[in-house]
Structures are given as structure tokens and as C-alpha cells.
Amino acid sequence: MGESSSSVSIDVERIWFGGKEHIVQTSYGSVSVAVFGDQEKPALVTYPDVALNYMSCFQGLFFCPEAASLLLHNFCIYHISPPGHELGAGPISSDVPVPSVDNLADQVAEVLDFFGLKAVMCMGVTAGAYILTLFASKYRDRVIGLILVSPLCKTPSWTQWLYTKVMSNLLYFYGMCGLAKEFLLQRYFSKEVRGSTQFLESDIVQACRSLLDERRVVNVWRFLETMNGRHDLTKDLKNLQCRTLIFVGDSSPFHSDALHMISKLDRRYSVLVEVQDCGSVVTEEQPHAMLIPMEYFFMGYGLYRPCNPNSSPRSPLSPSCISPEMLSPESMGVKLKPIRTRIL
């Protein structure tokens with residue numbers, strides 16, 4: 001870990017590796033939830049994309065010191081893994097029915113019940129963003145805000161459906177083969193970091209490629225099948241009773257889905273941030289690009305990043321602590337690629 005600015009008062013590495021994993025039994029099977037932070041704080045629930053878990057989907061964001069300071073200062077983090085996607089998971093028996101998307105959304109509600117949580121902030125990536133959006137539409141009083149990264153909200157297009165079927169067949173017959181990995185990496189990352197004949201692939205892609213080897217293929221296949229059977233959430237979006245912040249990379253294969261989604265949300269309570277030269281998993285590829293939009297988003301809830309190491313970790317800071325200079329990327333030593341923000 002490199003040195004962080006003096007405004008960051010949280011030992012990110014210690015907290016990241018100091019979480020506790022819970023195996024929660026639900027009506028739809030067991031699910032792993034890794035909990036980080038003080039459980040007396042408000043809850044932030046995360047849900048990753050297909051074949052990922054919190055280590056491979058949110059590590060980049062939480063290893064970004066400024067973002068970790070913002071999130072861990074204000075929230076206790078509950079990382080929900082899709083069934084069978086946690087570290088060391090065994091294969092799910094073929095006797096267990098493949099869950100529907102509604103089953104997984106209901107499972108999130110049961111996880112909240114297990115921990116005694118009422119209303120939570122949610123952060124999901126692609127398939128995980130869909131599950132949490134569905135959860136928010138079914139349990140409106142239990143979600144205070146949505147942070148969605150390259151979200152899905154419609155039924156699969158014929159192209160997406162066929163692509164996923166090819167992917168599922170590859171996994172079913174050949175396991176996590178090289179071609180299956182390439183399909184997944186194209187889903188997650190932009191070509192700039194995936195590398196080419198002239199450029200080596202980036203460290204984050206190499207790490208993700210290695211982590212994919214650890215996934216139980218049957219469990220990934222099941223989640224793909226679940227997502228290929230998803231239904232359209234468009235009609236439910238106007239009725240969401242929470243603020244929504246959407247990030248999407250302009251190289252994401254789901255860029256058009258994000259544009260559709262923001263066009264259907266209540267414009268008073270939603271914003272879209274398009275990150276240039278980035279794929280779907282912005283949390284890993286360009287986590288710094290999420291910092292300032294999240295800061296402004298959380299200001300609407302009276303939540304702020306700590307200004308000094310002596311600030312109380314239990315209470316929001318006053319707005320006077322946040323100066324315009326502090327919100328400048330340059331002042332934090334952060335170099336952002338261009339970002340476009342849309343409020344439609």
C-alpha cells in the first residue's frame with residue numbers, strides 16, 4: 001500500500017482483511033456475506049457481477065484510500081456473494097433448482113432480516129446491479145439509495161441472450177477454458193486494459209484472470225442461467241423511492257442499457273456518470289472516477305468524508321468541513337480520465 005493523504009484516517013488494508021464471513025441460510029439456499037466495519041453504522045450492501053465476488057469486483061474501490069475513507073467512515077459494508085461465488089465455495093448440487101432473479105432479490109431481503117437491517121444503501125455491478133434494482137422495486141422501504149455500475153434492467157436482447165447461451169455452453173462442456181475467460185474479461189474490462197499484441201494486459205486483468213480459475217464452473221453457469229431469464233424492470237423504475245447514482249464505462253457492452261435506465265428513472269433523483277475509456281467494472285478499472293460523484297451523492301444524506309484523523313467515525317461531519325479545494329481531484333493527487341455526467 002502506498003502512502004495516503006493526511007485526510008485518510010482509516011487503515012484500509014487492516015479493515016479489508018479484518019472482515020468476518022457469515023454463511024446465511026435462506027429459503028433459497030445458503031449465501032455468503034462478508035461484513036466489514038462497525039455494525040452500528042448505516043449499512044451498505046454490495047452485489048457483484050457474474051463469476052465475481054467482493055474480492056474481484058470491489059477490491060479496487062476499497063483499496064482506493066479516498067474512496068475507502070468515504071465509505072468505511074460512513075457505513076458498515078455487507079458484501080453479498082452470488083450463490084457459490086464466495087472464496088472456497090463448493091459446487092452447488094444439481095438437485096438444487098436454479099434460482100430466479102426474484103429468488104435472489106428475496107434472498108437479499110432475508111440477509112437483511114438476518115442482520116436486523118431495515119433500510120440500506122445498495123451498490124451493485126451489472127448482474128448485481130440488476131438484482132439490487134429488483135430488490136429496491138420489490139422492497140421500496142428497505143432501500144435508501146442505489147449506486148449502480150453498468151446496470152442491466154431489461155430482458156436480454158437476442159444478441160445478449162445468444163452470447164450468454166454460448167458462454168453457458170462453454171462453461172458446461174469445457175469448464176473455465178481460455179475462451180470462456182476471454183468472454184468474461186470482455187464483459188468486464190475495456191480493450192485498453194485487456195491488452196493486445198502490442199501491449200501487455202494490465203495487472204487488474206491478470207488478477208481477475210487468475211481469480212476466475214478459482215470459481216466453481218457449475219455455480220457460475222447457474223448465475224448466468226438465472227440472469228438470462230431476467231425480466232424487464234423498466235415499468236418499475238419510475239416508482240423507485242430512492243436516489244440513484246449510475247456509473248457506466250463508455251466501452252461497456254451494457255452502455256446502452258445504462259442510458260435506457262437513466263431515461264426511465266425520475267430525473268429529480270437520478271444521475272448518470274459516463275467514464276471514458278472504461279469497461280463495465282468501473283470499481284476495478286477506474287475506481288478513482290467514482291470518488292467525487294459518490295461524495296456529492298452522499299452529501300444528500302448528510303454523509304461526508306473525514307477531514308482529519310481525529311474526526312468521529314460515528315457521526316457525519318458538518319458541510320463546512322468539505323471545501324471546494326478538497327473535492328478537486330488535483331488536490332487529492334488523483335488523475336481522472338474525462339467523465340461526462342448526465343442529469344436527464
Side-chain angles (χ1 to χ4, degrees), residues 1 11-26 28-37 39 43-64 67-68 71-72 75-94 96 98-99 104 107-108 110-112 114-115 122-129 131-132 149 167 171 175-177 180-181 183-185 187-189 203-227 280-281 283-285 287:
M1 292 288 294
D11 185 339
V12 178
E13 203 164 282
R14 179 177 63 79
I15 290 181
W16 185 256
F17 291 110
K20 181 177 180 181
E21 182 182 24
H22 301 258
I23 302 300
V24 180
Q25 300 298 327
T26 74
Y28 310 99
S30 62
V31 62
S32 169
V33 184
V35 181
F36 294 82
Q39 289 185 253
L44 171 65
V45 172
T46 76
Y47 210 110
D49 193 19
V50 169
L52 302 178
N53 55 35
Y54 73 92
M55 286 295 290
S56 49
C57 194
F58 298 102
Q59 179 174 268
L61 179 64
F62 282 87
F63 268 26
C64 171
L71 295 171
L72 291 167
F75 298 101
C76 180
I77 315 299
Y78 296 80
H79 293 295
I80 300 177
S81 291
H85 280 52
E86 67 273 15
L87 295 173
I92 299 174
S93 170
S94 58
V96 178
V98 174
L104 294 186
Q107 188 176 63
V108 172
E110 293 191 28
V111 167
L112 267 57
F114 176 85
F115 289 103
C122 293
M123 179 187 295
V125 177
T126 309
I131 297 300
L132 292 179
V149 181
M167 181 72 204
L171 291 172
M176 191 60 76
C177 59
K181 286 184 188 176
F183 274 12
L184 287 169
L185 292 173
R187 174 188 177 100
Y188 305 148
F189 302 114
D203 291 343
I204 58 169
V205 176
Q206 290 179 22
C208 186
R209 186 186 295 276
S210 176
L211 288 167
L212 288 174
D213 285 327
E214 300 175 10
R215 296 283 77 78
R216 293 287 186 174
V217 172
V218 65
N219 302 347
V220 176
W221 176 85
R222 288 167 59 89
F223 195 17
L224 278 171
E225 288 294 297
T226 297
M227 291 307 301
S280 299
V281 188
T283 49
E284 290 294 314
E285 189 169 343

Residues in side chain to side chain contact (heavy atoms under 4.5 Å, CB included) contact with [X], at least two apart in sequence or another chain:
X: Ser94; value: none
X: Val96; value: Ile92, Ser93, Arg222
X: Ser30; value: Ile23, Gln25
X: Glu284; value: Gln59, Phe189, Val281

Using the test ring-ring contact (aromatic ring centres under 6.0 Å, His included), find all partners of [X] that sit at least two apart in sequence or belong to another chain.
X: Phe75; value: Phe298
X: Phe223; value: His85
X: Phe115; value: His22, Tyr78

Practice item. Any salt bridge (charged side-chain N to carboxylate O under 4.0 Å, His left out) involving residues 48-57? Give me the pairs, sequence neighbours left out, ordered by first then second residue. Key: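 For residues 48-57: Asp49-Arg187.
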Exercise for review: Among residues two or more places apart or on two chains, list those pairs meeting salt bridge (charged side-chain N to carboxylate O under 4.0 Å, His left out) that have a residue in residues 204-216.
Suggested key: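 As it turns out, the salt bridge (charged side-chain N to carboxylate O under 4.0 Å, His left out) pairs with a partner in residues 204-216, which skip direct neighbours, are Lys181-Asp213, Glu182-Arg209, Glu201-Arg209.
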Review point. Does Gln206 have any side-chain hydrogen bond (donor to acceptor under 3.5 Å, both in side chains) partners at least two apart in sequence or in another chain, and if so, which?
Key: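 Gln206 satisfies side-chain hydrogen bond (donor to acceptor under 3.5 Å, both in side chains) with no residue once adjacent residues are dropped.
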Exercise for review: Sequence neighbours left out, what passes side-chain hydrogen bond (donor to acceptor under 3.5 Å, both in side chains) with Thr226? Give chain and number order.
Suggested key: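 None.
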Practice item. For Glu86, enumerate each residue passing the salt bridge (charged side-chain N to carboxylate O under 4.0 Å, His left out) test, keeping only those at least two apart in sequence or located in another chain. Key: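 Partners of Glu86 under the salt bridge (charged side-chain N to carboxylate O under 4.0 Å, His left out) test: none.
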**Study point:** Phe36 ring center within less than 6.0 Å of Tyr54 ring center
**Key:**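 Aromatic pair counts; centres sit under 6.0 Å.
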